[in-house]
Number of protein chains: 2
Amino acid sequence: MSVFSQDITFKFVTSGNYNYMGRCENCIIRQFNSLRAMNKEELKRVSDTKTTKFLKKGEIIFGEGDKLNGVYCVRDGVSKLSKLSPNGKDQIVKLATKGAVLGQRSVITEEVANLSAIAVNDMEVCFVPKDAILDTLNSNPNFAVEVLRHIAHDLKEADDVIVNMSQKTVKQRIAEAFIYLEENFGEDQNGYLALTLSREDIANVVGTATESAIRIISEFKKLGLIKASGKKVAIANRQGLNDVAKGS
Amino acid sequence: MSVFSQDITFKFVTSGNYNYMGRCENCIIRQFNSLRAMNKEELKRVSDTKTTKFLKKGEIIFGEGDKLNGVYCVRDGVSKLSKLSPNGKDQIVKLATKGAVLGQRSVITEEVANLSAIAVNDMEVCFVPKDAILDTLNSNPNFAVEVLRHIAHDLKEADDVIVNMSQKTVKQRIAEAFIYLEENFGEDQNGYLALTLSREDIANVVGTATESAIRIISEFKKLGLIKASGKKVAIANRQGLNDVAKGS
DNA sequence: TCCAAAACATGACAAATGTCAGTTTTTTCC
DNA sequence: GGAAAAAACTGACATTTGTCATGTTTTGGA
């Protein structure tokens, strides 16, 4: 995490071009997604057509069923990708952070969005109109293959989630969720998980009732596996949490 | 389904070339997967390097963790794609039938297989060495995009499964499973589902204990929603099953 | 800084699901 | 066609999870 910020600073400082801001060519985030496979001209086109948006926590990037006219490249903050189930509950399928490209799947298949994307944090995202994406896809095999690799990876992750959902207990899944949050978003200066989710969001990630999630989180506190200050959570006993996640 | 068989027959009968057998160029199955986007030369290469295999029910096409040297194109029969969970249970993630290309994802990301593929039926599959696939991917954007579309579609389906698993009851999921089997594999002359799965496989599809699946299936029989003769199952009340699946 | 709204927490109970321990039926294969 | 194996089935019970009701704490503006 801190190394990452350093890199950005470095880029900023060494660039001789004072117009670099807002130019995709100089956006380091791009190194983490499929846009890295675009060539100069393709990137220029993206840069010229994109718009940058700032979203506040809770704002909707797009909703299930929306027709997407482009993709959203996350520059900062975290978004939850979720789907409303018929019984009225939201299932969070994925948490997307910097580097993620949202809406890619729907743009490729030219379907409406199957998930909704909501800011969990304050966010900065770049909207890239779909034509720049689709045209590049059809002409640059490197880009197409790079996108393919990313989607293929998402698919593998989704398969893993299916297995977890059906074969692990709620307690195991919540323990895993904390480990996941720590591994993917890190901790703040005080050792608390850098990404704070409400109990309801945690419940929606692991697919259980909010009360069940709360109860289990309380139990983890009593067992000394985690500690909490308000809604901030810190992992107190990583090995113990791991054992719970593994089911021992 | 029956229309589909007709088409094959038609092809066989009208082909003037008696070498058509075993040639991908003449394989109608190809129309249902990404190989349709290959051009003549690419297809020829696939055809020249591929080998056809016949598998008996229960045989393993590849296992989780196997390094795949190519993909398997299903010409006939059905395969279950499953993953072993840490607690020793198999979760079936997908059922693949004619037209499906197995192992595609792992070949693209150059990882070992994350799922195992086992024949549910007697099967006929064509093994295509990966080089023919990867080279085409890198040179023919049409093919790359076609593969992308297929994987993107799989990803959407996987997201739907995640939501079903976490938000629906076992009873709802079993009702859905029967509807799914009817819609995707059809019925035989006597109205029984054309694809017969063991109770254990059904349990592994919906992610529950075999006994629970059996109990619910028995209940469906008593309610007249389905009827069964041995392990063959027929849908007796489609609307009723639908209602159960929807949770009413 | 204070107050409402939201989020968190807990108890009591009901419903769903899993587990274990059998018996019966079906399938397979000689 | 019959025996052995596999699959299907059933009951009893434990465990997990969901639901409802209610109280407490935290949080985010006016």
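Just so it is clear, the values below take in all heavy atoms, side chains as well, and ignore hydrogens, waters and symmetry mates. For clarity, every value in this text was computed on a predicted model and none was experimentally measured.
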What is the distance from NZ of A/K57 to C1' of D/dG28, rounded to the nearest Å?
-> 10 Å
State whether A/K98 and A/E124 are salt-bridged, where the test is any N-O pair (Lys NZ or Arg NE/NH1/NH2 against Asp/Glu carboxylate O) under 4.0 Å.
-> no
Phosphate OP1/OP2 of D/dT10 contacted by B/S218 side-chain N/O (<4.0 Å) = yes
Pick base, sugar-phosphate or nothing for B/E211, based on heavy-atom distances below 4.0 Å to the nucleic acid.
-> base
B/K89 side chain near C/dT19 phosphate (N/O to OP1/OP2, under 4.0 Å) = yes
Within the modelled atom types, does a donor on one side and an acceptor on the other bring the side chain of B/R215 and the base of C/dG18 under 3.5 Å apart?
-> no
With DNA chain C as reference, determine whether A/T210 or A/S166 sits nearer its 5' end, using the nearest nucleotide of each.
-> A/T210
Mind calculating the distance between CE (B/M165) and C1' (C/dA16) to the nearest angstrom?
-> 16 Å
With sugar-phosphate meaning primed atoms plus P, OP1 and OP2, does B/T208 contact a base, only sugar-phosphate, or nothing at under 4.0 Å between heavy atoms?
-> sugar-phosphate
Using 4.0 Å as the upper bound for N to carboxylate O, is an ion pair formed by A/D154 and A/K94?
-> yes
Would you call the rings of B/Y72 and B/F127 parallel, tilted or perpendicular if under 30° counts as parallel and over 60° as perpendicular?
-> tilted
Presence of A/K221 side-chain N/O under 4.0 Å of C/dA9 phosphate oxygens OP1/OP2 | yes
How many Å lie between NZ on A/K171 and C1' on D/dT17, as a whole number?
-> 11 Å
Take atom CG of B/D201 and atom C1' of D/dA6, then tell me their distance rounded to the nearest Å.
-> 13 Å
Nearest-nucleotide 5' precedence on DNA chain D, A/K232 against A/V170 | A/V170
Taking atom C1' of C/dA6 as reference, at what distance in whole Å does atom NZ of A/K231 sit?
-> 9 Å
For A/S212, answer base if it contacts any base atom (sugar-phosphate contacts may also be present), sugar-phosphate if it contacts only those atoms, and nothing otherwise; contact means non-hydrogen atoms under 4.0 Å.
-> base
Any side-chain N or O of B/K168 less than 4.0 Å from the OP1 or OP2 oxygen of C/dT17?
-> no
Distance from B/L68 atom CG to B/L102 atom CG, nearest 0.5 Å?
-> 9.5 Å
Calculate the interatomic distance between B/E219 atom CD and C/dA15 atom C1'; express it in whole Å.
-> 13 Å
In whole angstrom, what separates B/N204's CG from D/dA8's P?
-> 12 Å
Check whether any side-chain nitrogen or oxygen of B/S198 sits under 4.0 Å from OP1 or OP2 of D/dA7, and answer yes or no.
-> no
Atom CD1 of B/I216 and atom P of D/dA8: how far apart are they, to the nearest Å?
-> 15 Å
Any Lys/Arg nitrogen of A/K80 or A/D201 sitting under 4.0 Å from an Asp/Glu carboxylate oxygen of the other?
-> yes
